[in-house]
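The next block holds one structure in the form of structure tokens; read it before the comments.
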Amino acid sequence: MTSNRPYLLRAIYDWISDNGLTPYVLVDAGFPGVRVPSHVVKNGQVVLNLAMRAVANLDLGNDRIAFQARFSGVSQSIVIPVHAVLALYAQENGQGMMFPADENEALNAGAADESEDEAGDTPPASGGDDDRPKRGTPHLRVVK
């Protein structure tokens, strides 16, 4: 049976748009096949506005999401495999759907093994970000 993810993405996109809200997509930027500008990637993820006023030629296909968008005034072609989508939600109220990470990790691991066989010069992923404390939590200490 085919994946239900592309069908859910289209349905949630329509639901958000029909209610006059702004659809945002959270993408795993490290997933093989993701084409987004590197300067918008933060912590291996990217959030993109999919509203019709923000993109051109939006194609919510069964295998990928493709569209044209402007970043710093420069039009870029964006390609996102549907399995790289972590969430689709409304910017105004956060309502939408998250997709299971375990499915993403399993598919990502299998695709990464295949891509490493094809291109052996893949840089290793940095893993030092998890050891740092989260921002926003105060760390004060009384010094006498």
Side-chain angles (χ1 to χ4, degrees), residues 1-140:
M1 188 170 219
T2 61
S3 173
N4 63 0
R5 186 177 294 223
Y7 302 96
L8 292 171
L9 287 171
R10 285 190 289 270
I12 293 170
Y13 176 86
D14 287 343
W15 174 65
I16 292 169
S17 297
D18 288 352
N19 283 286
L21 302 175
T22 309
Y24 272 38
V25 64
L26 174 64
V27 178
D28 176 2
F31 195 90
V34 172
R35 274 197 342 222
V36 296
S38 59
H39 70 277
V40 297
V41 176
K42 291 190 175 50
N43 297 325
Q45 298 178 339
V46 62
V47 176
L48 299 168
N49 180 349
L50 291 184
M52 291 306 289
R53 66 183 175 276
V55 300
N57 304 322
L58 178 64
D59 176 24
L60 297 170
N62 286 341
D63 297 325
R64 64 187 175 90
I65 298 171
F67 57 92
Q68 300 285 323
R70 290 191 165 277
F71 297 90
S72 302
V74 179
S75 182
Q76 305 235 0
S77 178
I78 306 301
V79 177
I80 304 163
V82 293
H83 290 287
V85 175
L86 300 174
L88 180 60
Y89 62 95
Q91 182 232 0
E92 293 82 359
N93 62 14
Q95 293 214 9
M97 178 179 269
M98 292 187 70
F99 294 94
D102 55 343
E103 182 181 345
N104 282 322
E105 289 173 15
L107 288 168
N108 196 3
D113 290 342
E114 292 172 9
S115 67
E116 283 178 8
D117 292 341
E118 295 172 5
D121 58 349
T122 305
S126 62
D129 291 358
D130 296 330
D131 297 334
R132 294 186 292 166
K134 302 279 187 222
R135 288 188 179 188
T137 57
H139 294 283
L140 300 177

*Between A51 and N49, which heavy-atom pair has the shortest distance, and what is it?*
N-OD1, 2.8 Å
_Going by side chain to side chain contact (heavy atoms under 4.5 Å, CB included), name the residues that satisfy it together with R10, two or more places apart in sequence or in a different chain._
P6, Y7, L60, N62
_When you measure from the side chain of R64 to the backbone of G33, do you find a donor-acceptor pair of N or O atoms at a distance under 3.5 Å?_
no
*Could you pull out the closest heavy-atom pair between V82 and G61, with the gap in Å?*
CG1-O, 3.7 Å
*Distance from N57 atom CG to I78 atom CD1, nearest 0.5 Å?*
12.5 Å
*Go through the structure and list residues passing side chain to side chain contact (heavy atoms under 4.5 Å, CB included) with S17, not counting sequence neighbours.*
Y13, P23
*Go through the steps to decide whether K42 and V47 satisfy the test side chain to side chain contact (heavy atoms under 4.5 Å, CB included), and finish with yes or no.*
CA-CA 9 Å; K42 291 190 175 50; V47 176; over 6 Å; no
*Compare every heavy atom of L86 with every heavy atom of V27, then report the nearest pair and how far apart it is.*
C-CD1, 4.2 Å
*Is it the case that more than 12 heavy atoms not belonging to D63 sit under 6.0 Å from its CG atom?*
no
*Closest non-hydrogen atom pair, V41 against P37*: CG2-O, 3.8 Å
*Closest non-hydrogen atom pair, A84 against V34*: CB-CG2, 3.6 Å
*If you round to the nearest 0.5 Å, how far is CZ of R70 from OG of S75?*
5.5 Å
*For G96 and I12, which heavy atoms make the closest approach, and how far apart are they?*
CA-CG2, 4.4 Å
*Which value, rounded to the nearest 0.5 Å, describes the distance between Q45 atom CD and L26 atom CG?*
4.5 Å
*Short side-chain to backbone donor-acceptor contact, Q76 and V36, under 3.5 Å*: no
*Nearest-0.5 Å distance, CD1 of residue I65 to CG of residue L50*: 6.0 Å
*How many angstroms lie between atom CZ of F67 and atom CG of L48, to the nearest 0.5 angstrom?*
5.0 Å
*With sequence neighbours left out, what residues match N93 under side chain to side chain contact (heavy atoms under 4.5 Å, CB included)?*
L21, A90, Q95
_Check: P100 and R5 side chains under 4.5 Å, non-hydrogen atoms_ = yes
*Just how far is it from atom CG of N43 to atom CG of D28, taken to the nearest 0.5 Å?*
12.0 Å
*Once the angle between the rings of Y89 and Y24 is folded into 0 to 90°, is it parallel (under 30°), tilted (30 to 60°) or perpendicular (over 60°)?*
tilted
